[in-house]
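Residue numbers start from 1 in every chain, and the chains themselves are labelled A, B, ... in the order their sequence lines are given, proteins ahead of strands. Side-chain atoms are counted along with the backbone in the values below, which use heavy atoms only and exclude waters and symmetry mates.
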Protein chains: 2
Amino acid sequence: MPVRPETGAFLIAPDPARPGLTRAVTGVDHTGAEQRVSVVEERPLTIFLNSREIVTAMTIGDYPEYLAVGFLRNQRMLSDRDVITGVDYDDDLQVVVVRTATETDHEAKLTRKTRTSGCAVGTVFGDMMEGLEGLTLPPAQVRTSDLYALAHRINTTPSLYLDAGAIHGTVLCEGPRPLVYMEDVGRHNAVDKIAGWMASEAVGGGDKILYTTGRLTSEMVIKTALMGIPVLASRSGFTAWGVEIAQQVGLTLIGRMRGQRFLCLSGAERLVRDADPASVPPEDARMRRKGASA
Amino acid sequence: MPVRPETGAFLIAPDPARPGLTRAVTGVDHTGAEQRVSVVEERPLTIFLNSREIVTAMTIGDYPEYLAVGFLRNQRMLSDRDVITGVDYDDDLQVVVVRTATETDHEAKLTRKTRTSGCAVGTVFGDMMEGLEGLTLPPAQVRTSDLYALAHRINTTPSLYLDAGAIHGTVLCEGPRPLVYMEDVGRHNAVDKIAGWMASEAVGGGDKILYTTGRLTSEMVIKTALMGIPVLASRSGFTAWGVEIAQQVGLTLIGRMRGQRFLCLSGAERLVRDADPASVPPEDARMRRKGASA
């Protein structure tokens, strides 16, 4: 899909005002005063691959088709060879069915299970690493000026994260431009929705940067690598295995991005330091306050 | 198990210095300077119930026996009726086997799957709500002075959260006393480890408060209710379904605890406002900085 280089516009951006993503809830605060607050929704979405029920994801509920396709691809239950003939979503049943031209050999891979907020892949451990052997990510360069521009742009874009918190955001970026910004109660859903969009629009990952508000765990690194994206950046921290896998597959892993600060624990050779950190303004106070909603 | 009322000492507290919980990793920071940082470990732990492999959890690796027992109980695969005859952990194989006097009827409930960091229950959606029907939590009172004392005590206790970040903490509390403070890369593991400790020590939840650094999602609320704990507090935010379930089962749900601030979206009738919020000191800056590691 052609990305419009002439504009920095998001192709998909959060729509905090969209009905159904949040619910107004009344409670009391520390002073005893009644407070009416906006809280993010969390709904079950059951994903079918052809006639086989695969998983029930707990999701905020937007972009169910992208979530289903992206989940199945990141589970390696759908490959480039599989031809998707249809993706049908039923809002009442909260079911989405992905249909392929021929039965894939993966329907039997999983049995029925729930994937709840913040939850990750339900497949066997062996499968988690599947497809990483021999995977090589392109030697793309990453300009620190782009990283700073992306962080500032994303942190100042209206989002449910800023409005309601308790949600994760993941953004597919190209150079200094954020392209697709997905949010979900499960950070893995946000990544899967991006994978689904990439598959649906035939967008490759080789020249992209993936930015997330969530932690850089083994699974986030594996999903990013399987999406063919050579750079994963986050405002959050690392796990040791996430770093180890990134180093194995040659993925550039950047964490703890706050204002001018960041830490690169893998693939630093891709960094092109074309920005003076001292010139980067501090983060907006709202971001710092929102921090622990993750 | 008798809790020593004469002391406020933790029965179990984090041990950030314990070997094997973190790994020193070398990277470069925003200035290009080499940095050696401490990163939390993330390891697979495969849990067996008798001869049946149930799940592979991604965990920091401490208290595998508590994690296994607590996971199985929170999955309702182990009940009070099941007699545990042994819990065997093999460090090399990263396997823990929970043995019961008689085969339970739950071994067949799950097939092999992985539970990764931040990941939640792998059972079917229907099962998630199982056991909540007819559940009534005790009408315990919650003193706001206790909530403030707990938050201050927990936030100033040395932990991996403060040292390395990218980890969740969950604390079983009684009145103003934090009793058991568990940390894990998966916040659900931290809760399960507490459930395992409660089961192993025959400690009831009716007079307890559960404090977590993580979000108040449907699953956190369900686990807390199944543990018989009437109060769940967090420094993070809410999801709408989490609030809805808490209201259904009569659980007191308190979120966004920062300094003197908090928000109660369910069960406010349990609150006893015996503390002047104005007397509560602001949070330590380290906590605010650590916020987004979740």
Spatial distance of atom OH (A/Tyr148) from atom NE2 (B/His30) [nearest 0.5 Å]:
6.0 Å

On a heavy-atom basis, the closest approach of B/Ala166 and A/Gly237 is CB-C, 3.9 Å

Contacting moiety of B/Thr31, where chain A heavy atoms sit under 4.5 Å:
backbone

Looking only at heavy atoms, the pair that brings B/Val28 and A/Arg273 closest together is CG2-NH2, 3.5 Å

Could you tell me which portion of B/Arg261 (side chain, backbone, both or neither) has an atom closer than 4.5 angstrom to a non-hydrogen atom of chain A?
both

I'd like to know if the side chain of A/Arg43 reaches the main chain of B/Trp241, judged simply by a donor and an acceptor atom lying under 3.5 Å from each other, with no hydrogens or angles considered.
no

With heavy-atom distances below 4.5 Å as the criterion, would you say the side chains of A/Val37 and B/Leu265 are in contact?
yes

Specify which of B/Gly27, B/Gly242, B/Ser38, B/Cys264 makes the most heavy-atom pairs with chain A at under 4.5 Å.
B/Cys264

Top residue by heavy-atom pair count (under 4.5 Å) with chain A, among B/Gly32, B/Ser234, B/Ala268?
B/Gly32

Residue among B/Val25, B/Leu271, B/Asp29 with most heavy-atom pairs under 4.5 Å to chain A:
B/Asp29

Which atoms of B/Thr26 approach chain A - backbone, side chain, both or neither, heavy atom under 4.5 Å:
backbone

Name all residues meeting the side chain to side chain donor-acceptor pair (under 3.5 Å) criterion together with B/Ser279; count only those two or more places apart in sequence or in a different chain, and write none if there are none.
none

If you count the non-hydrogen atoms of other residues, nucleotides and ligands that lie under 6.0 Å from CD in A/Gln141, is the total more than 12?
no

Only pairs of heavy atoms separated by less than 4.5 Å count here; which of B/Gln35, B/Met220, B/Glu244 has the most with chain A?
B/Glu244

Partners passing salt bridge (Lys or Arg N to Asp or Glu O under 4.0 Å) against A/Asp276 (at least two apart in sequence or in another chain)
none

For a quick test of reading the model, state the closest non-hydrogen atom pair linking A/Ser218 to B/Met58 and the distance between them.
OG-CE, 4.3 Å

Nearest atoms (heavy-atom pairs only) where B/Glu41 meets A/Ala240:
OE1-CB, 3.6 Å

Heavy-atom side-chain contact between A/Glu42 and B/Val243 under 4.5 Å:
no

Can you confirm whether more than 12 heavy atoms, excluding those of A/Arg143, are under 6.0 Å from its CZ atom?
no

